[in-house]
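Before any comments, here is the structure.
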There are 2 protein chains.
Amino acid sequence: MKKAVFFQTPESRKGDIITSALKIIDQKGVKGLTVARLAQEVGFVESALYRHFKSKRDLVSFILDNILQDAWNYLAEVEEKTEDSLEALKQLIYLFLSFLEQFPGIFKIIYSDEIYLGDEELQDKIDGIISEIVVFLKKVIQKAINQKKLKADLDVTVAAMHFLGLIYTAFSYWTIKKRRVPLKKISSELLDQYLEGVKA
Amino acid sequence: MKKAVFFQTPESRKGDIITSALKIIDQKGVKGLTVARLAQEVGFVESALYRHFKSKRDLVSFILDNILQDAWNYLAEVEEKTEDSLEALKQLIYLFLSFLEQFPGIFKIIYSDEIYLGDEELQDKIDGIISEIVVFLKKVIQKAINQKKLKADLDVTVAAMHFLGLIYTAFSYWTIKKRRVPLKKISSELLDQYLEGVKA
DNA sequence: CTATAATGTGAGTGAATATTCACTTACCGG
DNA sequence: CCGGTAAGTGAATATTCACTCACATTATAG
């Protein structure tokens, strides 16, 4: 019987579990996140998970709520503090990507139809996250148009989707290249091409 | 005991199964493709599947090989026959998207880490497909650069990934909008923004 | 008409998986 | 030191899933 590690607040234990879960998802995909594997990674027995989370689904839901909350605060801050709206777009893409670099598992959760389909509540949660991001990006882009930095006749929604697509593209490229190329380098080239196409 | 439908070549029966499989994947995701569900959709009993395919994995592999072979021929044809290389890019994105519009399930297979992970052979197959596409796009883009239609200093690989990302973006947008907006409309706006950024 | 090959059926099996439960262990406050 | 509580354990369970196998049916070619 292994000695339990105590002296940890409940939060940090949950944190351990989340860290392990994201690591597994990153390496083995959402499908690879099984309770057995998670338990092994954390270092307890399967049933112990249920001391911390009601269910596996609950764990994923918790991850989405909490990790993304953090990211969200950063985004809002950048948008508020950066005067130059083109510079803001640059900052935003770096922020998105350094976040995904840190938590690649999150990306997989959001873009996985494993979770997306079959659980209406999680599906709604993920849809909500994406549409929040799009709304946010539309706001930034509209601001840039108002500042005459971007073309006046730009379709704001398409431009926002296109920007979001850059993040996906950079991330995919990074994955294909076995993460050997720095994400920041990839994204800056993509962003340059993007900006050439949309700026005034 | 239900009467069997015969008078069908093995090919067309396989075709029925593939059609059903892609329909299920489209609606329920790759995870949703279970042998039970597939059998129900096709109209036979689970075990009957194994008269046509060695395994479920074999079915997916067959889909990747065959459906994509078709697509591939179209792509090559467009590239050869279209003189104007910018026009070729336009044609290509339409072709990609009308293909995905017809077989959305294929898209989900390729972008699913459910299949991607855990089966090395399928993983290699999908990797191969993607890199073939990238190589192809790089060739088209390089040709356009040589024709002085695109910027001479363009990073061809990044431009190709960006283009591929547009397809993903258009498809996602289409999905989010519940497929109510025609894919062609979405893609032409995205492509315009893209071309503005890369053309000479 | 009959042999054969293709296709379908029904019942079952074993493996993987999430979850429950009764229990034990370790720590902490009073 | 005692009682409560948070955390962990080990065994069991129900479900889902891909897949197998012996048997049945149908179409077609000779």
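Being a predicted model, the structure only gives us computed values, none of them experimental. Here is the naming used below: chain letters follow the sequence lines, and residue numbers restart at 1 for every chain.
Of the side-chain N and O atoms in A:H52, one or more sit less than 4.0 angstrom from OP1 or OP2 of D:dG8. Using a 4.0 Å cut-off, some side-chain N or O of B:R13 falls inside it from OP1 or OP2 of C:dG8.
Remark: A:D65 pairs with A:S61, A:K125 by the side-chain contact (heavy atoms from CB on, under 4.5 Å) rule, at least two apart or across chains. Checked against side-chain contact (heavy atoms from CB on, under 4.5 Å), B:V135 has no partners two or more places apart in sequence or in another chain. Taking B:Q69 as the reference, B:N73 meet the side-chain contact (heavy atoms from CB on, under 4.5 Å) condition, with sequence neighbours excluded.
Per the geometry, CG belonging to A:L38 stands 14 Å off C1' belonging to D:dG8, to the nearest Å. One interatomic measurement links the two molecules: NZ of A:K14 to C1' of D:dG8, which rounds to 17 Å at whole-angstrom precision. Rounded to an integer number of Å, the gap from A:D16 CG to D:dA6 P is 18 Å. Atom C1' of nucleotide D:dA18 and atom CZ of B:F53 are separated by 16 Å, given to the nearest angstrom. Atom CZ in A:F44 sits about 13 Å away from atom C1' in D:dA6, given to the nearest Å.
Salt-bridge formation is detected for the pair A:R57/A:E121: a Lys NZ or Arg NE/NH1/NH2 atom is positioned less than 4.0 Å from an Asp or Glu carboxylate oxygen.
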I'd like a table of donor-acceptor pairs (distance under 3.5 Å, sequence neighbours excluded) in which one partner is a side-chain atom from residues 27-37 of chain A, with atom names and distances.
residue : atom : partner : partner atom : Å
A:T34   : OG1  : A:R37   : N            : 3.1
A:R37   : NE   : A:G32   : O            : 2.9
A:R37   : NH2  : A:G32   : O            : 3.3

Give the table of side-chain donor-acceptor pairs shorter than 3.5 Å for residues 188-195 of chain A, with sequence neighbours excluded, one pair per line with atom names and distance.
residue : atom : partner : partner atom : Å
A:S188  : OG   : A:K185  : O            : 3.1
A:E189  : OE2  : A:K185  : NZ           : 3.4
A:Q193  : OE1  : B:H162  : ND1          : 2.9
A:Y194  : OH   : A:A159  : O            : 2.8

Write out a two-atom table: protein N or O, nucleotide N or O from nucleotides 18-22 of chain C, distance below 3.5 Å.
residue : atom : partner : partner atom : Å
C:dA18  : OP1  : A:K56   : NZ           : 2.7
C:dA18  : OP2  : A:V35   : N            : 2.7
C:dT19  : OP2  : A:Y50   : OH           : 3.0
C:dT19  : OP2  : A:K56   : N            : 3.0
C:dA22  : N6   : A:R51   : NH2          : 3.4

